[in-house]
Amino acid sequence: MAPLAKNIRVYNTLTKHKEHFEPVQPGKVGIYLCGPTVYKESHIGHMVGPVIFDTIKRYLVYSGYNVTWLVNITDVDDKLIAQSRERGLPMAQIAEEMTQDYLSNLATLGVDQIDQLPRATENMGEIILFIEQLIEKGFAYASGGDVFFDVLSDPEYGKLTNRSAESQQGEGGGAADKKHSAADFALWKAAKEDEPFWESPWGKGRPGWHIECSAMSRVAFGETFDIHGGGLDLVFPHHENEIAQSECCHGKPMAKYWLHNGLMRADSASGKLGGRADREEQTEEQAAVQATVDNKISRSTGGGGLADLVARQGGEKIRFFLLRTQYRSTIVFGEAQIAEAATGLETFYRFFERHERVQGRSFHDIQPIASRAEANAADQKPKAAGDTTRAEITRHRENFLAKMDDDFNTGAALSELFDLVHLLNKFADQHNLEDASLRSEQNVAVFQRGAEVLRELSALLGLFGQPAQAASANDAVIGKVVELLLELRGQARGRKDFAAADQLRDALAAAGVVVEDRQGGAGWRIESDDAEVLPPLVEVAIAQRAAARANKDYPLSDLIRDRLAAAGVVLEDRPEGATWRLE
RNA sequence: GGCGCCGUAGCCAAGUGGCUAAGGCAGCGGAUUGCAAAUCCGCCAUCGGCGGUUCGAAUCCGCCCGGCGCCUCCA
């Protein structure tokens with residue numbers, strides 16, 4: 001087994017301190033993350049936890065641990081029942097539909113490290129067994145078909161959130177008359193008319209909210225496991241109650257480290273997504289603010305949910321947006337914020353293009369070193385005296401790891417990646433790495449080492465695994481048309497007709513294609529929110545051809561038509577001008 | 001009311017006792033370029049306010065101002 005990195009520290013909600021991370025069993029880590037109740041489409045707030053825990057798992061695996069990560073799916077719940085009634089569909093069908101929505105959103109955000117996705121309904125036997133054990137041990141009681149946890153029987157109740165059972169004596173909710181104490185919470189709820197149910201020793205019913213996590217975590221990891229995670233909003237009552245259930249049942253700690261991610265807010269005035277501000281009665285002014293927010297959210301997340309936002313922005317931008325902030329902080333959400341943050345990604349994307357120009361192969365084809373120990377060894381290779389760039393690369397790598405070691409500070413770690421790219425750009429500039437006749441093998445090797453480190457570290461964040469823009473069928477056509485136009489522009493530049501050259505570049509820019517002149521030919525990239533860049537490009541080509549025909553330059557005119565045809569664009573000359581279609 | 005969190009440049013965001021307060025976005029000046037784009041170089045904050053502890057505080061303590069979360073089966 002690879003040597004373990006021993007210097008990771010995590011912030012533990014239970015102790016309110018950062019602690020040295022040391023799993024229960026050496027080398028093995030179990031992570032339990034509270035997943036969604038699948039009653040409607042995911043919103044972006046549901047992605048915060050999965051993205052950071054996906055990153056945490058990657059980092060722990062890289063650091064030498066054998067990690068199992070579980071995300072539970074709550075597929076039985078009052079809100080699911082309500083949805084089921086509203087839509088006239090079985091609860092299980094809605095749950096399945098929304099689970100698929102959730103999973104596909106996770107997939108586009110690059111969350112692919114989940115090992116187990118247990119459903120509450122698939123663990124009914126374990127849940128009932130757990131409740132029976134609690135009753136047996138005197139921590140729970142059946143009452144009129146319901147079963148409640150007896151909060152006052154647990155002397156440690158409230159230790160996670162620093163409150164006492166006595167202080168939690170509210171009105172007790174709808175089932176108050178069946179409870180011994182108002183703070184008691186349901187482990188099992190008797191089924192009402194028309195509600196889905198499971199058979200149990202207490203009659204037909206369904207589990208309470210908290211018990212599934214106690215039961216399923218025990219199935220997966222045993223009585224004490226390493227990391228329990230969730231959103232900060234789950235600390236009370238959900239996690240407090242999980243602790244009460246599990247620790248009363250087992251007489252030992254449930255989880256060693258409790259990690260909670262911060263919540264997402266729509267804007268500074270309106271509170272978190274789906275939070276109190278979304279539910280309570282509001283003043284007119286608050287309602288106005290909320291309406292704006294709702295518009296923003298509904299426009300941003302679309303009628304179909306998060307999927308539309310992801311389609312517009314791309315999963316990588318959203319992942320980057322989330323990781324740029326330390327996971328315990330509140331994130332203010334807005335599509336504009338995502339777009340602005342994502343501008344920073346361009347720096348990396350341009351570097352990848354540069355890497356390809358230098359090396360003749362894709363940055364994404366570099367196999368990232370997947371083990372910290374192995375990577376450390378690669379870093380120990382003897383360096384030539386005065387090889388300051390190699391030393392700088394190593395320094396950025398070490399800084400990155402130190403920041404990740406400190407409670408997974410992805411935001412701070414990211415700064416090292418930016419620094420690394422700047423370093424490599426500068427190095428490439430200074431040593432003419434893009435000019436095969438001027439560069440040295442040795443310098444190319446240094447540059448490559450930097451790229452490898454960038455690949456290694458960004459893989460830990462789940463970034464840059466593949467090219468950002470998936471090639472579509474249209475892209476090939478666009479590419480050929482752009483190449484044609486750049487050739488025409490190159491000819492204009494060749495005869496110093498800069499007016500014509502600039503006119504072409506401006507026309508390309510208007511279509512969303514940015515031109516970059518460099519030795520050996522012009523480069524280009526699409527920089528437009530609008531996917532429709534092809535039509536204006538073809539129009540530009542047609543205009544060029546019309547000009548050639550006006551000059552009676554028929555060879556050029558025919559060349560343009562033939563090249564467009566080769567690209568798949570067929571021209572048809574008509575009295576009022578040329579029209580075109582895709583072949 | 002109880003339990004917590006936050007307030008760092010125009011915006012976002014690291015840093016939580018001691019070198020010149022990371023990084024990103026935006027902006028400005030310069031190199032480069034036919035002009036651009038990209039890239040590179042440089043500039044751009046004394047840390048909500050007041051007081052205290054300390055040789056020394058953005059970082060600890062107190063008060064105040066402002067924002068937010070949980071206490072309601074919301075990630």
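Just so it is clear: chains get the letters A, B, ... in the order the sequence lines come, proteins before strands, and each one is counted from 1.
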For this session: Decide if the gap between the ring center of A/His431 and the ring center of A/Phe427 is smaller than 6.0 angstrom.
Result: yes

For this session: May I ask you to say what A/Arg525 touches in the nucleic acid, namely base, sugar-phosphate or nothing, with a heavy-atom cut-off under 4.0 Å?
Result: sugar-phosphate

Exercise. If you measure from the P atom in B/rC6 to the same atom in B/rC61, how many Å do you get, rounded?
Worked result: 11 Å

Exercise. Which part of the nucleic acid does A/Thr37 contact within heavy-atom distance under 4.0 Å: base, sugar-phosphate only, or nothing?
Worked result: sugar-phosphate

Problem set entry | Nucleotide B/rC6, atom P - distance to CZ of A/Arg328 in whole Å | 8 Å

Exercise. Mapping A/Tyr11 and A/His210 onto RNA chain B by nearest heavy atom, which one lands closer to the 5' end?
Worked result: A/Tyr11

Problem set entry | Span that lies between the P atom of B/rA58 and that of B/rG18, in whole angstrom | 10 Å

For this session: Consider the side chain of A/Asp517, meaning its heavy atoms from C-beta on, and name the nucleotide among B/rG34, B/rG67, B/rA75 that approaches it most closely.
Result: B/rG34

Exercise. Touch check for A/Asp502, heavy atoms < 4.0 angstrom, all strands: base, sugar-phosphate only, or nothing?
Worked result: base

For this session: Take atom P in B/rA21 and the same atom in B/rA57, then report the distance between them in whole Å.
Result: 14 Å

Exercise. Is the distance between the ring centroids of A/Tyr327 and A/Tyr59 less than 6.0 Å?
Worked result: no

For this session: Would you classify A/Phe236 as touching base, sugar-phosphate or nothing, given that sugar-phosphate means primed atoms plus P, OP1 and OP2, and contacts are heavy atoms under 4.0 Å?
Result: sugar-phosphate

Problem set entry | A/His228-A/Tyr257 aromatic ring centre distance below 6.0 Å | no

Exercise. Reckon A/Leu234 touches a base, only the sugar-phosphate, or nothing at all at heavy-atom distances under 4.0 Å?
Worked result: sugar-phosphate

Exercise. Any donor-acceptor pair under 3.5 Å joining the side chain of A/Glu416 to the base of B/rG23?
Worked result: no

Exercise. Charged N to carboxylate O below 4.0 Å: is that the case for A/Arg493 and A/Asp517?
Worked result: yes

Exercise. Hey, is the main chain of A/Lys179 close enough, under 3.5 Å, to the side chain of A/Ser143 for a donor-acceptor pair?
Worked result: no

For this session: Output yes when at least one side-chain N/O atom of A/Asn409 is less than 4.0 Å from OP1 or OP2 of B/rA14, else no.
Result: no

For this session: Classify the nucleic acid contact of A/Gly230 as base, sugar-phosphate or nothing, counting any heavy atom under 4.0 Å across all strands shown.
Result: sugar-phosphate

Problem set entry | Residue mapping more 5' on RNA chain B - nearest nucleotide basis, A/Tyr327 or A/Val76 | A/Tyr327

For this session: May I ask you to decide whether A/Arg354 forms a salt bridge with A/Glu356, counting only side-chain N to carboxylate O separations under 4.0 Å?
Result: no

Problem set entry | P spacing across the pair B/rC5 / B/rC50, given as an integer number of angstrom | 24 Å

For this session: Side chain of A/Pro237 only, please: which of B/rC71, B/rC25, B/rA38 is the nearest?
Result: B/rC71

Exercise. So what does A/Arg206 touch, heavy atoms closer than 4.0 Å: a base, only the sugar-phosphate, or nothing?
Worked result: nothing

Problem set entry | Integer angstrom distance from the P of B/rU53 to that of B/rC28 | 47 Å

Problem set entry | Distance-only donor-acceptor check, side chains A/Gln448 and A/His355, under 3.5 Å | yes

Exercise. For B/rG1, what is the paired nucleotide under Watson-Crick or G-U wobble rules, both distances under 3.5 Å?
Worked result: B/rC71

Exercise. Heavy atoms under 4.0 Å, any strand shown: does A/Asn162 hit a base, just sugar-phosphate, or nothing?
Worked result: sugar-phosphate

Exercise. So, A/Phe498 and B/rG34: ring centres less than 5.5 Å apart, planes less than 30° off, yes or no?
Worked result: yes

Problem set entry | Protein-nucleotide distance (A/Arg357, atom CZ; B/rA38, atom C1'), rounded to Å | 8 Å

Exercise. Checking all strands, does A/Arg350 fall into the base, sugar-phosphate, or nothing category for heavy-atom contacts under 4.0 angstrom?
Worked result: sugar-phosphate

For this session: Please state whether the base of B/rC35 and the side chain of A/Arg505 form at least one donor-acceptor pair under 3.5 Å?
Result: yes

Problem set entry | Side chain of A/Arg265 (C-beta onward), nearest among B/rC25, B/rG67, B/rG34 | B/rG67

Seminar exercise, completed: Rounded to whole Å, the NE2-C1' distance (A/His17 to B/rC5) equals 16 Å

Exercise. Using purine N1 to pyrimidine N3 plus N6-O4 or O6-N4 for Watson-Crick, or N1-O2 and O6-N3 for G-U wobble, both under 3.5 Å, which nucleotide pairs with B/rC63?
Worked result: B/rG49

Exercise. Would you say the side chains of A/Glu212 and A/Asn123 form a donor-acceptor pair under 3.5 Å?
Worked result: no

Exercise. For atom C1', what is the distance between B/rC63 and B/rC25, given to the nearest Å?
Worked result: 37 Å

Exercise. Could you state the CZ-P distance from A/Phe348 to B/rU39, rounded to the nearest angstrom?
Worked result: 12 Å

Problem set entry | Between B/rG15 and B/rC60 - P atom distance, rounded Å | 13 Å

Problem set entry | Ring center gap for A/His239 and A/His260 short of 6.0 angstrom | yes

Exercise. Is the phosphate of B/rG42, meaning OP1 or OP2, less than 4.0 Å from a side-chain N or O of A/His422?
Worked result: no

For this session: Ignoring the backbone of A/Ser415, work out which of B/rC41, B/rA22, B/rA75 is nearest its side chain.
Result: B/rA22

For this session: Can you tell me, in whole Å, how much space there is between the P of B/rA38 and that of B/rA26?
Result: 9 Å

For this session: Would you please confirm or rule out a distance under 4.0 Å between OP1 or OP2 of B/rA14 and any side-chain N or O of A/Thr410?
Result: no

Exercise. With sugar-phosphate meaning primed atoms plus P, OP1 and OP2, does A/Val514 contact a base, only sugar-phosphate, or nothing at under 4.0 Å between heavy atoms?
Worked result: sugar-phosphate

Exercise. B/rA38 P sits how many Å from A/Asn425 CG, rounded?
Worked result: 12 Å

Exercise. What is the pairing partner of B/rC44, taking Watson-Crick or G-U wobble pairs with both distances under 3.5 Å in any strand?
Worked result: none

For this session: Describe the nucleic acid contact of A/Gly158 in one word from base, sugar-phosphate, nothing, applying a heavy-atom distance below 4.0 Å.
Result: nothing

Exercise. What about A/Arg324: does its side chain form a donor-acceptor pair under 3.5 Å with the base of B/rG23?
Worked result: no

For this session: Look at all strands and tell whether A/Arg518 reaches a base, only sugar-phosphate, or nothing, counting heavy atoms closer than 4.0 Å.
Result: nothing

For this session: Examine A/Phe464 together with A/Phe348 and report whether their ring centres are nearer than 6.0 Å.
Result: yes

Exercise. What does A/Gln326 touch in the nucleic acid at a heavy-atom separation under 4.0 angstrom: a base, only the sugar-phosphate, or nothing?
Worked result: sugar-phosphate

Exercise. Atom CZ of A/Phe400 to atom C1' of B/rG23: distance rounded to whole Å?
Worked result: 13 Å

Exercise. According to a strict under-4.0 Å criterion, is A/Lys403 in side-chain N/O contact with OP1 or OP2 of B/rA22?
Worked result: no

Seminar exercise, completed: Ranking B/rC11, B/rA75, B/rG34 by distance to the side chain of A/Arg493, first place goes to B/rG34

Problem set entry | For atom CG of A/Asn241 and atom P of B/rU72, their distance in whole Å | 10 Å

Problem set entry | Counter-base of B/rG56, judged by Watson-Crick or G-U geometry with both distances under 3.5 Å | none

For this session: Establish, with yes or no, whether the OP1 or OP2 oxygen of B/rG4 is under 4.0 angstrom from a side-chain nitrogen or oxygen of A/Thr13.
Result: no

Exercise. Counting side-chain heavy atoms from C-beta on, which of B/rA26, B/rC35, B/rC70 comes nearest to A/Asp233?
Worked result: B/rC70

Exercise. Over how many whole Å does the gap from A/His396 atom NE2 to B/rA14 atom P extend?
Worked result: 20 Å

